[in-house]
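Numbers here simply count residues along the sequence, with the first being 1.
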Amino acid sequence: MQSGQVKRVETTPFEGQKPGTSGLRKKVKVFTQPHYLQNFVQSTFNALPADKVKGARIVVSGDGRYYSKEAIQIIIKMAAGNGVRSVWVGQNGLLSTPAVSAVVRERVGADGSKASGAFILTASHNPGGPNEDFGIKYNMENGGPAPESITDKIYENTTKIKEYLTVELPDVDIGKVGVTTFSVDGGTFDVDVFDSASDYVKLMKSIFDFEFIRKLLSSPKFTFCYDALHGVAGAYAKRIFVEELGAKESSLLNCVPKEDFGGGHPDPNLTYAKELVARMGLGKSTTQDEPPEFGAAADGDADRNMILGKRFFVTPSDSVAIIAANAVEAIPYFSAGLKGVARSMPTSAALDVVAQHLNLKFFEVPTGWKFFGNLMDAGLCSVCGEESFGTGSDHIREKDGIWAVLAWLSILAYKNKENLGGEKLVSVEDIVRQHWATFGRHYYTRYDYENVDAGAAKELMASLVKLQSSLSEVNQIVKGIRSDVSSVVNADEFEYKDPVDGSISKHQGIRYLFEDGSRLVFRLSGTGSEGATIRLYIEQYEKDPSKIGRESQEALGPLVEVALKLSKMQEFTGRSAPTVIT
């Protein structure tokens, strides 16, 4: 057994190591500065209760992006230096963010103990490579992201750090499953490299009826396509979709995890998942082949998802509403009923309408998965989602891309259970249109204005807040722009009081709510050195069955015009068009 002694290494603080809701994200070149990663890791250990570090077990893994392998070795040695007893690492350093949450919650060690938390190495849907992004975040023993009380402490520690603890040990071979034991200052320290997929696959099989889904996938009429965008979802796709559910291997696209995501942008949307979008018949050029019935994509760390039907895009807001509406019948895990549902404030109100119809508890929370986690820990929420392609449930405390795909496959299997031998299967598009006919349709779009001058962005937001003091004035302006738009009945700055811990989150976005259920939402994000991003969310609710089949941009046209003129977008930002439209 090799041994090592704890060593104290002197260091000085770096500026700007403030973790956001998704941890600390910077360019690789920033993270590879001497002591940079070490400072953040030590500051995290120092922010945690002593019993969650000394003698404890932690998980260290991530999405496999560039610099992950080196970072894992650094953290293993620092864990030993800080008195951690055991580190669990997914084989090759790979664990999706939802799988980390599952491992922390479900995996039991040989001695009967569980992990007390996890370092997750990911920058989510951002590109990877030597000149791209790296990230690190810490998740707690409930499997969810560290709360603000901890992240604030981490940041405070980074501003005054003087030393970090480590042990000079040989690198562990993380490509090989097995346990490596070291002697550190007279005690034992072990690193357990385990199969990345087993725990997660076991959890999925306890939630969904795999045999039921397998029948759907074996139907000659059902075709399927899954694109991992060369992210960590590839480590699960073959195991789940091919080996467990019997899909053809040719239905998997870009399912080999790569450090640079194959040079692509691992963000599952219509802009970046180009190959899948083309295969599903939604590309600019039409393909000769008939598109598959169902397609889906994941981001770098596999917590986000995009759902597509043949030549049909399902908005994330509709997706979570449809899962909630069908969960009890289609997914065994929910057969006893849903505890409640929740969405982030900017997400469309499609879920609200389902909750009302089904008489479910409903919560509208600020952006950030930890708010859902609080509700789930208190037994108040079963299914939740956000418009930025994140959907999940209380099986873990992170959003879960593969879970969302299995939920959709379960719904398709349920809708087609009497129909697999029939002429035509009930399609993704059929399910969505049927949902609209029942609950109404929420036409929805998001405009992002990136790298806007931070001062101008703040002025625009301040002017929108000021306008809210007189609704009659707002309605005068609105009617002057478009007389065919409904009246504004409420306008506020969204504030959330957490029903579980009583904490209050202010300034979470500016809302204009219309009489017919439509909404305009303005949010500011990232007022960093590269300017700010203004996000504008536009939502038109339509209950009239004769009007639910319109093109989105046509249906939203009047509200878009109102939003741009009411906010004086061009006047403040100098932009005549958004950077990105979702």
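More than 12 heavy atoms of other residues, nucleotides or ligands sit less than 6.0 Å from atom NZ of Lys27. Within a 6.0 Å radius of CD in Glu70, more than 12 heavy atoms belonging to other residues, nucleotides or ligands are found. More than 12 heavy atoms of other shown residues, nucleotides or ligands fall within 6.0 angstrom of atom CG in Asp51.
The line from CG of Asp303 to OG1 of Thr122 is 7.0 Å long, rounded to the nearest 0.5 Å. Separation of atoms NZ (Lys370) and OG (Ser503) is listed at 8.5 Å; rounding is to 0.5 Å. A distance of 10.0 Å separates CZ in Phe189 from CG in Asn82, rounded to the nearest 0.5 Å. Expressed to the nearest 0.5 Å, how far CD1 of Ile331 lies from CD1 of Ile323 amounts to 6.5 Å. Taking CG of Asp318 as the start and OG1 of Thr315 as the end, the distance is 3.5 Å to the nearest 0.5 Å. A distance of 10.5 Å separates OH in Tyr36 from OG1 in Thr32, rounded to the nearest 0.5 Å.
Considering only heavy atoms from C-beta on, Met306 comes within 4.5 Å of Leu276 through its side chain. A 4.5 Å side-chain heavy-atom check between Phe212 and Lys417 finds at least one atom pair inside the cut-off. Side-chain contact check for Leu48 versus Met140: some heavy-atom pair is nearer than 4.5 Å. Contact check for Asp352 versus Arg343: side-chain heavy atoms found under the 4.5 Å cut-off. With contacts defined as side-chain heavy-atom distances shorter than 4.5 Å, the pair Phe31/Leu121 does not qualify. Between Leu338 and Val328 there is a side-chain heavy-atom pair separated by less than 4.5 Å. A heavy-atom distance below 4.5 Å is found between the side chains of Ile72 and Ile174. Taking the side chain as every heavy atom from C-beta outward, Val9 and Gln38 never approach each other to under 4.5 Å.
A donor-acceptor pair shorter than 3.5 Å cannot be found between the side chains of Ser43 and Asn46. Between the side chains of Asp400 and Tyr200, at least one donor-acceptor pair of N or O atoms lies under 3.5 Å. Using modelled atom types, one finds a donor on one side chain and an acceptor on the other under 3.5 Å when comparing Trp408 with Ser319. In this structure, a donor-acceptor pair under 3.5 Å is absent between the side chains of Gln42 and Asn157. With 3.5 Å as the limit, one finds no donor-acceptor pair spanning the side chains of Tyr333 and His395.
Both the sub-6.0 Å distance and the 45° axial angle are not jointly satisfied by Arg65 relative to the ring of Phe261.
Ring to ring, Tyr66 and Phe134 are not that close: their centroids are 6.0 angstrom or more apart.
Of the possible polar contacts, none joining the Ser344 side chain to the Pro366 backbone as a donor-acceptor pair under 3.5 Å is found. For the pair Ser251 (side chain) and Cys225 (backbone), a donor-acceptor distance under 3.5 Å is absent. Formation of a donor-acceptor pair under 3.5 Å by the Glu132 side chain with backbone atoms of Asp260 is not found in this model. Panel note: side chain His230, backbone Val256; a donor-acceptor pair is recorded below 3.5 Å. Remark: side-chain polar atoms of Tyr236 are paired, donor with acceptor, to backbone N or O of Ser196 under 3.5 angstrom. Here the side chain of Arg57 pairs a donor or acceptor atom with the backbone of Ser113 at under 3.5 angstrom. Using a distance-only test at 3.5 Å, with no hydrogens or angles considered, a donor-acceptor pair links the side chain of Arg85 to the main chain of Gly55. Between the side chain of Asn139 and the backbone N or O of Gly143, at least one donor-acceptor pair lies under 3.5 Å. Checking side-chain atoms of Thr44 against main-chain N and O of Phe40 turns up a donor-acceptor pair under 3.5 Å. Checking side-chain atoms of Ser116 against main-chain N and O of Lys52 turns up a donor-acceptor pair under 3.5 Å.
Within the structure, side-chain hydrogen bond (donor to acceptor under 3.5 Å, both in side chains) pairs that include any residue of residues 205-216 comprise Lys205-Glu244 (at least two apart or interchain). Pairs of residues two or more places apart, or lying in two chains, that qualify as side-chain hydrogen bond (donor to acceptor under 3.5 Å, both in side chains) and include a residue from residues 91-103 are Thr97-Asp301.
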For a side chain to side chain contact (heavy atoms under 4.5 Å, CB included) check, start with the C-alpha distance between Val41 and Phe119, then their side-chain angles and the critical distance, and finish with the verdict. CA-CA 9 Å; Val41 171; Phe119 282 102; 3.9 Å; yes
Go through the steps for Lys162 and Glu10 under the test salt bridge (Lys or Arg N to Asp or Glu O under 4.0 Å), then give the verdict. CA-CA 6 Å; Lys162 291 190 171 70; Glu10 281 186 21; over 6 Å; no
Output, in order, the C-alpha distance, side-chain angles, deciding distance and verdict of ring pair (Phe, Tyr, Trp, His ring centres under 6.0 Å) for Phe241 and Phe224. CA-CA 10 Å; Phe241 299 123; Phe224 165 87; 5.1 Å; yes
Can you list the steps and then say if Val184 with Gln5 is a side chain to side chain contact (heavy atoms under 4.5 Å, CB included)? CA-CA 6 Å; Val184 174; Gln5 286 176 327; over 6 Å; no
Side chain to side chain contact (heavy atoms under 4.5 Å, CB included) between Phe372 and Phe363, worked out: CA-CA 9 Å; Phe372 295 132; Phe363 302 90; over 6 Å; no
Do Asn305 and Lys399 pass the side chain to side chain donor-acceptor pair (under 3.5 Å) test, and can you show the C-alpha distance, the side-chain angles, and the key distance before you say yes or no? CA-CA 9 Å; Asn305 73 92; Lys399 43 188 174 256; over 6 Å; no
Pair Asn39-Thr158, side chain to side chain contact (heavy atoms under 4.5 Å, CB included): steps then yes or no: CA-CA 6 Å; Asn39 279 17; Thr158 67; 5.7 Å; no
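Salt-bridge formation is not detected for the pair Glu141/Arg105: no Lys NZ or Arg NE/NH1/NH2 atom is positioned less than 4.0 Å from an Asp or Glu carboxylate oxygen. Taking the charged nitrogens against the carboxylate oxygens, Glu148 and Lys153 have no contact shorter than 4.0 Å, which rules out a salt bridge. Using a cutoff of 4.0 Å between basic side-chain nitrogens and carboxylate oxygens, Asp394 and Lys339 are scored as salt-bridged. A salt bridge links Arg239 to Asp195: one of the charged nitrogens lies within less than 4.0 Å of a carboxylate oxygen. Between Asp171 and Lys69 no salt bridge is recorded (no basic side-chain N to carboxylate O distance below 4.0 Å). Remark: Lys7 engages Glu168 in a salt bridge, criterion side-chain N to carboxylate O under 4.0 Å. A salt bridge links Arg107 with Asp199: at least one charged nitrogen is closer than 4.0 Å to a carboxylate oxygen.
Nearest heavy-atom pair across Ala324 and Leu351 is CB-CD1, 3.7 Å. Between Leu409 and Leu216, the closest heavy-atom pair is O-CD2, 3.7 Å. Pairing each heavy atom of Ala118 with each of Val100, the nearest pair is CB-CG1, 3.4 Å. Between Ile75 and Ile136, the shortest heavy-atom distance links the atoms CD1-CD1, 4.0 Å. Across Ile213 and Ser410, no two heavy atoms sit closer than the pair CD1-OG, 3.5 Å.
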